[in-house]
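One structure below.
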Amino acid sequence: MNIFRLAGDMTHLASVLVLLLKIHTINPVLLLASFPLLFVYTFAFMGSSLALVGADPCRGVSLKTQELYALVFATRYLDIFVNFYSVYNTFMKLIFLGSSFSIVWYMRHHRIVRRSYDKDQDTFRHLFLLLPCLLLALVINEKFTFKEVMWAFSIYLEAVAILPQLVLLQRTRNIDNLTGQYVVLLGAYRALYILNWIYRYFTEEQYVHWITWVAGIIQTLLYADFFYYYFQSWKNNVKLELPA
């Protein structure tokens, strides 16, 4: 494993922890104590935000994006109890599976958390993304088996899973710090993975994965507009707002 892959995984994990913190499912002290490797991210991105977790834990968070991510991990990690690669690999799979489904459960069923979810604003028709991704996976895959088709489906779906979240933020415009940092960390995770692919292309023989590469680049480009406004708000020290 190279440094770009590790940094990408830790950034992805940090994004999950930020979201869990926002919806009050973990304590800030526990966050720092349990994940020392994430201290840099917590200090840099969350230090000024811990006091801002208010009475609306789901404000600005798209349940539809979270449902898509849960489906992404469920279809990608079908081999979790069949193929063993490493303790690290299995641990990360369990973390992402468990956290994604727990977030969906909290937003749907927790008696306090679900009250702050604004379903009237979160209206992106996310189910319409499933069929194109499935059809694409049936046509373009590395091997026409159930597991490989589901893996390709998860790659295509992950590339567009952030769309409901971005649309919701554009509608609400006024974005709290933790939600903004969650989206930034997700985008940074994918950007670091692109560096990981470049590194592996030049250091490993016959390392070519066009499906992952193209989908990953598309996914990163979807964040470009948000990154621009996030950087502008940081540079000018003003609250992040997206244009309508």
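Below, all heavy atoms of this structure are taken into account, side chains as well, without hydrogens, waters or symmetry copies.
Listed by first and then second residue, the side chain to side chain donor-acceptor pair (under 3.5 Å) pairs that reach into residues 130-141 come to none, sequence neighbours excluded. For residues 210-222, no pair satisfies salt bridge (Lys or Arg N to Asp or Glu O under 4.0 Å), with sequence neighbours left out. For the side chain to side chain donor-acceptor pair (under 3.5 Å) condition, the pairs that include at least one residue of residues 120-133, sequence neighbours left out, are Ser62-Asp122, Glu67-His126, Tyr117-Asp122, Thr123-Arg171. Residue pairs meeting the side chain to side chain donor-acceptor pair (under 3.5 Å) criterion with at least one member in residues 204-218, sequence neighbours excluded, are Glu142-His209, Arg200-Glu204.
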Q: Start with the C-alpha distance between Val184 and Phe226, add both sets of side-chain angles, then the distance that settles side chain to side chain contact (heavy atoms under 4.5 Å, CB included), and finish with yes or no.
A: CA-CA 8 Å; Val184 165; Phe226 183 88; 3.6 Å; yes
Q: Would you please test Arg108 and Arg114 for side chain to side chain contact (heavy atoms under 4.5 Å, CB included) and show each step?
A: CA-CA 6 Å; Arg108 279 191 170 275; Arg114 67 181 183 181; over 6 Å; no
Q: Evaluate the side chain to side chain contact (heavy atoms under 4.5 Å, CB included) criterion for residues Ser116 and Arg59: first the C-alpha distance (whole Å), next the side-chain angles of each, then the deciding distance (0.1 Å), finally the verdict.
A: CA-CA 6 Å; Ser116 63; Arg59 183 169 64 89; 5.6 Å; no
Q) Would Phe91 and Ile95 satisfy side chain to side chain contact (heavy atoms under 4.5 Å, CB included), going step by step from the backbone distance to the final call? A) CA-CA 6 Å; Phe91 174 76; Ile95 287 292; 3.7 Å; yes
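Rounding to the nearest 0.5 Å gives a distance of 11.5 Å between CE of Met107 and OG of Ser102. For the atom pair SG (Cys58) and NE2 (His110), the distance works out to 10.0 Å, reported to the nearest 0.5 Å. Atoms CG and CZ, from Leu97 and Phe73 in turn, are 7.5 Å apart once rounded to the nearest 0.5 Å. Note that CZ of Phe227 is 11.0 Å distant from CG of Leu222, once rounded to the nearest 0.5 Å. A distance of 4.0 Å separates CD1 in Ile80 from CG in Leu94, rounded to the nearest 0.5 Å. Atoms CG and CG, from Leu20 and Leu178 in turn, are 11.5 Å apart once rounded to the nearest 0.5 Å.
Not counting sequence neighbours, Gln165 has no partner by the side chain to side chain donor-acceptor pair (under 3.5 Å) test. Legend: residues meeting salt bridge (Lys or Arg N to Asp or Glu O under 4.0 Å) with Lys93, ordered by chain and number and at least two apart, are Asp79. In this structure, the side chain to side chain donor-acceptor pair (under 3.5 Å) partners of Arg76, at least two apart in sequence or on a different chain, are Ser154, Glu158. Taking Asp9 as the reference, Arg5 meet the salt bridge (Lys or Arg N to Asp or Glu O under 4.0 Å) condition, with sequence neighbours excluded. Under the ring-ring contact (aromatic ring centres under 6.0 Å, His included) criterion, Tyr189 pairs with His12, Tyr193, sequence neighbours left out. Under the rule for a side chain to side chain donor-acceptor pair (under 3.5 Å), Tyr156 has no partner lying at least two apart in sequence or in another chain. For Asn2, the side chain to side chain donor-acceptor pair (under 3.5 Å) criterion is met by Asn196, not counting sequence neighbours. The ring-ring contact (aromatic ring centres under 6.0 Å, His included) test applied to Phe231 returns Trp234, not counting sequence neighbours.
Between Val72 and Phe153 there is no side-chain heavy-atom pair separated by less than 4.5 Å. Contact of the Gln181 side chain with the Lys22 side chain is not registered, since no non-hydrogen atoms from C-beta on lie closer than 4.5 Å. No side-chain heavy atom of Phe144 sits less than 4.5 Å from a side-chain heavy atom of Glu148. With contacts defined as side-chain heavy-atom distances shorter than 4.5 Å, the pair Leu134/Met150 qualifies. By the 4.5 Å heavy-atom criterion applied to side chains, Leu166 and Val183 are counted as neighbours. Proximity of Leu186 to Tyr69: side-chain heavy atoms (C-beta onward) are separated by under 4.5 Å at one or more points. Side-chain contact between Leu71 and Leu130 is present, with at least one heavy-atom pair separated by less than 4.5 Å. Under the 4.5 Å side-chain criterion, counting only non-hydrogen atoms from C-beta, Ile155 is in contact with Trp151.
Clustering ILVMFWY residues whenever any of their side-chain heavy atoms sit less than 4.5 angstrom apart, transitively, puts Leu19 in the very cluster that holds Phe101. A continuous path of ILVMFWY side-chain contacts below 4.5 Å connects Phe81 to Phe96, so both sit in one hydrophobic cluster. When the side chains of ILVMFWY residues are joined at heavy-atom separations under 4.5 Å, either directly or via intervening members, Leu168 and Val18 end up in two distinct hydrophobic clusters. Residues Tyr201 and Ile217 fall within the same hydrophobic cluster, defined by Ile, Leu, Val, Met, Phe, Trp and Tyr side chains chained together at heavy-atom separations under 4.5 Å. When the side chains of ILVMFWY residues are joined at heavy-atom separations under 4.5 Å, either directly or via intervening members, Tyr223 and Tyr228 end up in a single hydrophobic cluster.
Contact detail for Thr65 and Ala161: the closest heavy-atom pair is OG1-O, 2.8 Å. Between Arg115 and Arg111, the shortest heavy-atom contact is NE-O, 2.9 Å. For the pair Leu78 and Thr75, the tightest heavy-atom approach, listed with the atom from each and the gap, is CG-O, 3.4 Å. Looking at every heavy atom in both residues, Leu185 comes nearest to Ser15 through CB-CB, 3.6 Å. Looking at every heavy atom in both residues, Asn89 comes nearest to Tyr85 through OD1-CD1, 3.7 Å.
A 6.0 Å sphere centred on OH of Tyr88 holds more than 12 heavy atoms belonging to other residues, nucleotides or ligands.
Residues Asp176 and Lys239 are not paired through a salt bridge, judged by the lack of any N-O separation under 4.0 Å between the basic side chain and the carboxylate.
Between the side chain of Thr179 and the backbone N or O of Ile175, no donor-acceptor pair lies under 3.5 Å.
Evaluated for a side chain to side chain contact (heavy atoms under 4.5 Å, CB included) with Leu68, the options Val160, Leu127, Val104, Leu129 yield exactly one hit, Leu129.
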